[in-house]
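Every chain is numbered from 1, with letters handed out A, B, ... down the list of sequences.
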Amino acid sequence: MFKHLLGLRDVGREEILTVLDTARGMKEVLGRRIKKVPTLRGRIVVLLFFEPSTRTRVSFELAAKALSADTVSITAAASSVAKGESLRDTVRTLTAMGADMLVIRHPASGAAEAAARATTAAVINAGDGTHEHPTQALLDLFTMREAKGRLEGLTVTIVGDIRHSRVARSNVWALRAVGAEVRLAGPATLLPPEAAALGIPCYTTLEQALEGADVVMALRLQLERMRANYLPSLREYTRLYCITRERLRLAKPDVLLMHPGPVNRGVELAPDLVENAPSVIEEQVTNGVAVRMALLYLMLGGE
Amino acid sequence: MALAEKAQIFDRDGMRRALTRIAHEIIERNKGTAGVVLIGIRRRGVPLARRLAERIRAIEGQGVEVGVLDITLYRDDLDRLGYQPVVHQTEIPFPVTDKKVVVVDDVIYTGRTVRAAMDAIMDLGRPKAIQLAVLVDRGHRELPIKPDYVGKNVPTSRREIVAVQVEEIDGIDRVVILEERD
């Protein structure tokens with residue numbers, strides 16, 4: 001298994017499947033009344049969050065606790081970072097205190113990699129800028145595999161602001177590694193320029209991208225993109241790219257609808273789709289804990 | 001270092017007879033099957049538990065539930081192994097609280113697996129009792145654990161390996177002792 005999980009670009013099919021297989025056993029633990037096993041007793045996991053996050057931070061924290069690891073959660077505002085301490089010095093300090101793993105979320109792309117260079121602890125990237133968010137993609141794959149029974153050959157359509165999305169980037173690498181077919185859809189300004197070189201089909205017409213899809217994944221639209229002139233108006237985006245029940249009929253009858261959250265209701269998804277089938281948004285959240293448990297187990301055990 | 005077969009402990013018939021006897025003993029000790037459940041430890045404890053359940057049904061006309069336990073997350077040697085053993089699913093679809101739980105495994109050796117299994121079961125509920133059934137007891141206990149039902153006691157040296165093979169996994173029913181030869 002990898003020492004650090006900084007992204008999925010260089011992670012192979014076998015490693016991805018090992019994580020997903022392990023997560024299955026972890027999910028069973030989460031279904032128990034006592035959601036705790038002694039596996040990582042005495043290990044220290046530090047959660048270092050320089051960006052707001054509810055689900056990812058809580059998910060990691062619950063995962064570590066379910067495996068009996070000790071957790072310390074640090075947010076930028078309440079730490080020496082606010083006094084101007086550099087990322088490198090913060091990481092070195094935490095390492096000196098005995099952290100076995102650092103989970104880091106940071107607005108700058110490459111921050112997790114920089115942290116990994118400054119520590120002997122294992123590092124998991126919990127989202128860095130517009131670069132990668134590998135644990136989100138792994139939980140997405142787990143959710144798809146659980147629902148469909150396979151990943152190979154699935155057609156997955158990712159809709160929205162692909163260009164700035166670390167979730168999309170990590171999903172693209174992982175889905176390609178396991179043999180799924182990826183399609184990207186969104187306004188031309190929000191499609192990644194490098195997609196063509198990678199041979200990934202891009203669509204500016206949502207309807208075409210949905211045709212025959214097994215999985216549709218809508219991404220959160222960062223509203224600040226409007227100010228940066230990537231989009232003329234929210235209304236136009238919604239009119240062209242909001243996933244509605246009507247539009248979903250173009251996909252396979254057993255299509256799975258996913259969203260990494262938090263959802264802008266009525267922007268990325270029609271409000272009635274958020275909590276109802278075929279949406280599995282809450283399932284994704286549950287699976288996130290199991291997948292993170294698997295990663296902690298695989299990366300922290302052994303010597 | 002190669003492994004050579006030293007002796008055969010059970011053939012197919014021997015294994016069948018031992019399991020039949022253990023099934024009778026479980027029924028006798030528990031005065032029937034009321035409240036009795038079997039939990040097989042992955043991997044080879046699982047088919048053995050299923051076979052015991054079949055025999056108990058044949059003898060008593062009453063079935064017992066069978067669960068599957070993966071003890072990986074409870075092992076005490078995870079940081080000594082140098083690799084991470086694969087985690088499989090535990091499937092115990094019934095409450096263990098107030099049940100007489102018979103843990104089933106193929107071989108008992110140091111007793112550490114059984115310790116892990118007991119901790120895992122206690123985390124699932126509060127059984128009325130936990131009993132232990134094994135096909136082979138090979139000695140060398142490192143913990144104060146003693147099986148309630150034993151197919152055969154086999155004195156071994158630590159250089160030897162007791163290999164239980166079952167039809168469901170290995171395509172054959174037999175138990176052999178393997179020895180390390182340099």
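B:Lys146 NZ: 12 or fewer foreign heavy atoms inside a 6.0 Å radius. With a 6.0 Å radius and a threshold of 12 heavy atoms from other residues, nucleotides or ligands, A:Arg32 has its CZ atom above the threshold. Counting non-hydrogen atoms of neighbouring residues, nucleotides and ligands closer than 6.0 angstrom, the CZ atom of B:Arg158 exceeds 12 such neighbours. Enclosure of atom CD in A:Glu282 is not indicated, since only 12 or fewer non-hydrogen atoms of other residues, nucleotides or ligands lie within 6.0 angstrom. Residue A:Arg92 qualifies as open at atom CZ: its count of foreign heavy atoms under 6.0 Å is 12 or below. In the displayed structure, B:Arg43 atom CZ is contacted under 6.0 Å by at most 12 heavy atoms of other residues, nucleotides or ligands.
For chain B, the nearby parts of A:Arg24 are the backbone and the side chain; heavy atoms of each come within less than 4.5 Å.
A pairwise comparison of heavy atoms in A:Lys36 and B:Tyr74 identifies O-OH, 3.7 Å as the closest pair.
Interatomic distance, A:Leu40 CG to B:Leu73 CG, rounded to the nearest 0.5 Å: 8.5 Å.
At a heavy-atom cut-off of under 4.5 Å, chain A is reached by no residue from residues 8-34 of chain B. Residues of residues 122-132 of chain B that come within less than 4.5 angstrom of chain A, heavy atom to heavy atom, are B:Asp123, B:Leu124 in numerical order. Interface with chain A: from residues 85-105 of chain B, residues B:Pro85, B:Val87, B:His88, B:Gln89, B:Thr90 qualify, criterion being any non-hydrogen pair under 4.5 Å.
Judged as a salt bridge (Lys or Arg N to Asp or Glu O under 4.0 Å), the pairs with a partner in residues 135-150 of chain A (not counting sequence neighbours) are, in order, A:Asp21-A:Arg145, A:Lys27-A:Glu146, A:Lys148-A:Asp254.
Contact tally against chain B (heavy-atom pairs below 4.5 Å) for A:Thr22, A:Val37, A:Leu67, A:Ile34: the top residue is A:Val37.
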